[in-house]
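A short worksheet on the structure shown next.
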Amino acid sequence: MFGYWVNRPEQYGVVEFDAEEQVVGLEEKPAHPKSNYAVTGLYFYDNRVLDMRRMCSLQPGVSWRSLT
């Protein structure tokens, strides 16, 4: 799992840690975040992603799923 310290954790999925800094929970966009660490994604793509990029414009609402 990857986390990144953010200023406004209530806008993200947030990691909760115990006293030993072990992950004990995740919460999506909490009103009262238990940490400032947002869950980040790690994505792996093959070269087809370059072809997909050429087929669309990156505008709000464009979904990669619609291209697969």
TODO: Please report the closest heavy-atom contact between P9 and V14, naming both atoms and the distance.
DONE: O-CG2, 3.2 Å

Open item on the list: Any non-hydrogen side-chain atom of F17 less than 4.5 Å from a side-chain atom of V23?
Closed with: yes

Task: Side chain proximity check, V15 to L26, heavy atoms < 4.5 angstrom - done: yes

Open item on the list: Would you say that Y4 contacts Y12 through its side chain, given a criterion of any heavy-atom pair below 4.5 Å between the two side chains?
Closed with: no

TODO: State the CD-NZ distance between Q11 and K29, to the nearest 0.5 angstrom.
DONE: 9.0 Å

Open item on the list: Quick check: closest heavy atoms across E20 and D18, and the distance to 0.1 Å?
Closed with: N-OD1, 2.9 Å

Task: CD-CD distance between E28 and E10, expressed to the nearest 0.5 angstrom - done: 12.5 Å

Open item on the list: With a sphere of 6.0 Å drawn around CG of N47, does it hold more than 12 non-hydrogen atoms of other residues, nucleotides or ligands?
Closed with: no

Open item on the list: Looking at V6, is its backbone amide N or carbonyl O close enough to the side chain of N36 to form a donor-acceptor pair, meaning the two atoms are under 3.5 Å apart?
Closed with: yes

